[in-house]
2 protein chains.
Amino acid sequence: MKIDINVSGPVPIWRQIEDRIRRAVASGALPPGSVVPSVRELAVRLQVNPATVSKAYRHLVDADVLTVRRGEGTFVGALSAEAVAGLREAELRMVSREYVRAARALGATLGEATGAIETAWEEVNDG
Amino acid sequence: MKIDINVSGPVPIWRQIEDRIRRAVASGALPPGSVVPSVRELAVRLQVNPATVSKAYRHLVDADVLTVRRGEGTFVGALSAEAVAGLREAELRMVSREYVRAARALGATLGEATGAIETAWEEVNDG
DNA sequence: TGTAGTGTGTTGGTGGTGTACGACAGTAAT
DNA sequence: ATTACTGTCGTACACCACCAACACACTACA
């Protein structure tokens, strides 16, 4: 469980946390039923207020991704394998579309767009 | 010159405008020396305040992408062809890395990542 | 030559939304 | 009871977007 956030920039911290957790669940790195870092622990690790982390968790609870047992901790919900797979596919589709939109705006061809991905694939270190 | 913005959502309007203009310049749709829509005109078209557009333009001026001739209008700076190409490449590299980071976080393979791009390429309508 | 008119971008003041914080409340175990 | 953990509540602050008025440049016309 490794999370790094960008404090500056337009996207709120709690949303960054939400996205990371959601992706971790979708990827299988956080299996259903497993425990996620406590609000305080993650807050300390990210140099952030507990309430900020709590807000991200709450959104994920509303989306049925996490469940909270007060006084005990926060856990990944009891999602079926299909639900996890669907979550993953939906996430991948979303980021793909976003990238395609940007690439088209730059006047890139499909080959150029995928080529840029292959190049970036080497450069980006594993999370 | 066609711009659509998302009023809701976390990313500020002025930053959306900044990104669109920058990409238009990088793609060659807005050649060096050409005139960009006036602050007022774009403000009316986007249903937005002139000061908001002005803020976006000012950022692009600071980045040497645009130049302002007060009383006359705002123009794309006198960038060389290499500068434009560099701008385009930098932009493409940035969005590529962002996508790769997300795809890796989802545990996707390179083939799956590029495949998702190809799928999305068909679905996304041209800007 | 000067003066009004229309175009341009810019500035100070204001209201509102939402973030991130410090302090608080609840629960389990010792 | 007390301790140490959990998640949550009210609030100050920052930032965004709006509004109105401003400063500058060119043109038309008398």
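In the text below, chain A, chain B and the rest are named by the order of the sequence lines, each starting its count at 1.
- Mapped onto DNA chain C by nearest heavy atom, P50(A) and R15(A) fall at different nucleotides, with R15(A) at the one closer to the 5' end.
- With rounding to whole Å, H59(B) atom NE2 is found 15 Å from dG9(C) atom C1'.
- Comparing dC19(D), dG9(C), dC16(D) against the side chain of P12(B) picks out dC16(D) as the nearest.
- Across the protein-nucleic acid pair, L42(A) atom CG and dA20(C) atom P stand 14 Å apart, rounded to whole Å.
- Put simply, V53(A) and I5(A) are part of the same group of oily side chains (I, L, V, M, F, W, Y) that touch within less than 4.5 Å, one to the next.
- Phosphate proximity of dC9(D) to R58(A): present, with a side-chain N or O under 4.0 Å from OP1 or OP2.
- Counting only heavy atoms from C-beta on, R70(B) has its side chain closest to dA23(D) among dA17(D), dA23(D), dA20(C).
- Straight-line distance from the CD atom of Q16(A) to the P atom of dG18(C): 18 Å, rounded to whole Å.
- Within the 4.0 angstrom heavy-atom criterion, no nucleotide atom of any strand lies near V53(B).
- Atom CZ in F75(B) sits about 12 Å away from atom C1' in dA25(D), given to the nearest Å.
- Environment of CD in E72(A): crowded, with over 12 heavy atoms of neighbouring residues, nucleotides or ligands closer than 6.0 Å.
- Taking atom CD on E72(B) and atom P on dG7(C), their separation rounds to 15 Å, with Å as the unit.
- The nucleotide whose nearest atom lies closest to any side-chain atom of I13(A) is, among dA20(C), dG7(D), dC21(C), dA20(C).
- Atom-to-atom, CG of L46(B) to P of dA17(D) comes out at 12 Å; the value is rounded to the nearest Å.
- Put simply, CG on L60(A) is 12 Å from P on dT8(D), counting in whole angstrom units.
- Other residues, nucleotides and ligands contribute more than 12 heavy atoms inside 6.0 Å of the CD atom of E123(B).
- Applying the 4.0 Å criterion to OP1 and OP2 of dG9(C), one finds that S54(B) has every side-chain N and O outside that range.
- At dT19(C), none of the side-chain N or O atoms of T52(A) fall inside 4.0 Å of OP1 or OP2 (strictly under the cut-off).
- Closest to the S38(A) side chain, of the nucleotides dC16(D), dT10(C), dG7(D), is dG7(D).
- Following rounding to the nearest Å, I17(A) (CD1) and dC21(C) (C1') show an atom-to-atom distance of 14 Å.
- Under the 4.5 Å side-chain heavy-atom criterion for Ile, Leu, Val, Met, Phe, Trp and Tyr, I21(B) and L87(B) are members of the same hydrophobic cluster.
- Nearest-nucleotide positions on DNA chain D for Q47(B) and R40(B) put Q47(B) closer to the 5' end.
- Phosphate proximity of dA20(C) to K55(A): absent, as no side-chain N or O sits under 4.0 Å from OP1 or OP2.
- With respect to R88(B) and E112(A), a salt bridge is recorded, a charged nitrogen being found less than 4.0 Å from a carboxylate O.
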